[in-house]
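I have placed the structure first, in the form of structure tokens, so that the comments after it can refer back to it.
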2 protein chains.
Amino acid sequence: MQVRPVTPTEVTKSLCPAFSSDVLIRKLRGIADISDDDAAALEGLTIQEKDVPANRDILIQGDRPTNSFVVLDGVVCSYKHTGEGKRQITSFFVAGDLPDLHGIHLTVMDCSFSSMTPGRLGLIRHSALRSICEQRPRVAAAFWRSTLIDAAIYREWVTNVGRRDAYARTAHMLCELIVRLRFAGRIEDHVADLPITQAAFGDAVGLSVVHVNRTLQALRRDGLIAMSGTKLRALDWPGLVRAGDFDPTYLHLKDPDVAF
Amino acid sequence: MQVRPVTPTEVTKSLCPAFSSDVLIRKLRGIADISDDDAAALEGLTIQEKDVPANRDILIQGDRPTNSFVVLDGVVCSYKHTGEGKRQITSFFVAGDLPDLHGIHLTVMDCSFSSMTPGRLGLIRHSALRSICEQRPRVAAAFWRSTLIDAAIYREWVTNVGRRDAYARTAHMLCELIVRLRFAGRIEDHVADLPITQAAFGDAVGLSVVHVNRTLQALRRDGLIAMSGTKLRALDWPGLVRAGDFDPTYLHLKDPDVAF
DNA sequence: CGTTCCCTTGACACTGTTCAACACTGGTGG
DNA sequence: CCACCAGTGTTGAACAGTGTCAAGGGAACG
């Protein structure tokens, strides 16, 4: 542990399980090479913490935000509404992720963001991000890489929604969630805590609530997963990976150790 | 027209309708602010031209390329195969686009690229791209922005495939193609030349060939489009936009003038 | 204790797929 | 020059996968 000067804001921070910058650094180190100098610079970022309840809109389509945010705790999603009022979730974001980092270079939001579970966000001003990008090319590259990985995930979702049937599709989505939560250090004892509604899950995989319900039942029947309350456990990880046709290379993790 | 020294490679270039760098600069100017200095630097990029026939794989999943490419002519797509052998096209790319620009920071390709029509590519070494990014922050920002727009398109595709029915979905796809081709200056007399198979189109919208065929028929029946050979004409652009629930803001064009 | 949200179940309708067949086109080789 | 072939577009019919509607039950919450 490095010794750092303690500012008033850090007093509040210290009440939380980790310094908010640590969550960000952990994530970036998971996808790129970050030197200690770079990490120190990141620790200097002003991150304003903010708690959000579940199902609260964080940004909506058309907004022109002046800051981005890092997910410190909980699960966040990006979504879009069609003209018919149907909702499609386009991606999930877990601790460490920067859902709207694209806001640095795309002024107007083309999708909305909402919390799926109670959580904690860390707001970072675009100006601060831009200046750290100018001063630290490796950090800029890491941020760019982060947005590229988001894009890779979108690509996978397009094929998931477009070409896999309900069974494989939900299995695939569960695999992705488990791997990402695991990578973010949010899985204990092989059990993921996912207080997510089946309706919301349906909005992610492009299925109706009823069908999600039946598909999850099928996955349970086949002994691939177990659910109790908001807890999800992968009983048969290789089987789930097979059922979901899941290959984690698209997540571009530096250490792709997905053993479970 | 600026006067520039003519190198041997430029002699070959001059046989083509435009200098390959011009296609790239036109595109970047369409999405970002590029100064004349930046443009001059881009003109200095070594771009190796290469003709490709239709339906030729350019890169395949797992490759670790050392260069990216710009589409100079024709239509290119990125796609993925599922374990069941089904194909999903995840995006189209037209003149000016940089389909695999993410290769700069993601070493291993998570999807494949293929030409959909006969075309011309311009190969640019990653090292050259990296060095121009280091020297010209605005160019770096433009490239980053380009990849962010790709991501925005993926997001739209997820919702298109996940939540719109066949009719709206194909209408939406046609709208996107027309706007992007138009923006790339590849539409004349309100007619797009799209020598694309209905099977390939089905792989893009996540529908079977048969259903694509019937849906296109429905769009023609309703007077929205006309097709003859490889030519596509939008007979009723507002109607097509309405049918496709199409809002071009996700393309993040600097001048979103989609009037047709 | 009622309300609300969510999960669950059944019946049924509908969208889209699969299979099979045929027409049209352009290319190729005898 | 013609026969053949492969690729593409088109059509019909049967079928599978998913959505919709409706209703009940359980848990959380005010």
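Every chain is numbered from 1 and lettered A, B, ... according to where its sequence line falls, protein lines coming before strand lines. Just so it is clear, the structure is predicted and the values come from calculations on it, not from any experiment.
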For residues 50-60 of chain A, which side-chain N or O atoms pair as donor and acceptor with protein atoms under 3.5 Å away, sequence neighbours left out?
from	atom 1	to	atom 2	distance (Å)
A/D57	OD1	A/Y79	OH	2.8
A/D57	OD2	A/Y79	OH	3.3

Rounded off to whole Å, could you give me the CD-to-P distance for the B/Q217 and D/dG9 pair?
12 Å
Excluding sequence neighbours, so at least two apart, what forms salt bridge (charged side-chain N to carboxylate O under 4.0 Å, His left out) with B/D203?
A/R163, B/R87
Test salt bridge (charged side-chain N to carboxylate O under 4.0 Å, His left out) applied to B/D193 - qualifying residues, sequence neighbours left out:
B/K231
Determine, for nucleotides 13-30 of chain D in 5'-to-3' order, which nucleotides have protein heavy atoms under 4.0 Å from the base (write B), from only the sugar-phosphate (write S), or from neither (write -).
B----BSBB---------
Check whether any side-chain N or O of B/Q198 sits under 4.0 Å from OP1 or OP2 of D/dG7, and answer yes or no.
no
Name the first nucleotide and the last nucleotide along DNA chain C (5' to 3') that come under 4.0 Å of a heavy atom in chain A.
C/dC6 to C/dA11
Once salt bridge (charged side-chain N to carboxylate O under 4.0 Å, His left out) is applied, do any residues pair with A/D245, and if so which ones, sequence neighbours excluded?
A/R164
Which residues pass the side chain to side chain donor-acceptor pair (under 3.5 Å) test with A/R26, sequence neighbours left out?
none
With sequence neighbours excluded, tell me which residues meet side-chain contact (heavy atoms from CB on, under 4.5 Å) with B/R64.
B/T107, B/V108
Using a 4.5 Å cut-off on heavy atoms from C-beta on, say whether the side chain of B/E49 contacts that of B/L72.
yes
Taking salt bridge (charged side-chain N to carboxylate O under 4.0 Å, His left out) as the test, write out the residues that go with A/E84, two or more places apart.
A/K86
For A/E176, the side-chain contact (heavy atoms from CB on, under 4.5 Å) test, sequence neighbours excluded, returns A/I153, A/W157, A/R180, A/F246, A/Y250, A/L251
Got a list of side-chain donor-acceptor pairs under 3.5 Å for residues 204-215 of chain A, not counting sequence neighbours?
from	atom 1	to	atom 2	distance (Å)
A/S208	OG	A/H211	N	3.3
A/N213	OD1	A/Q217	NE2	2.4
A/N213	ND2	A/Q198	OE1	3.0
A/T215	OG1	A/H211	O	2.6

Between the two end axes of the helix from C/dC1-D/dG30 to C/dG30-D/dC1, each built from 5 base pairs, what angle do you get to the nearest 10°?
30°
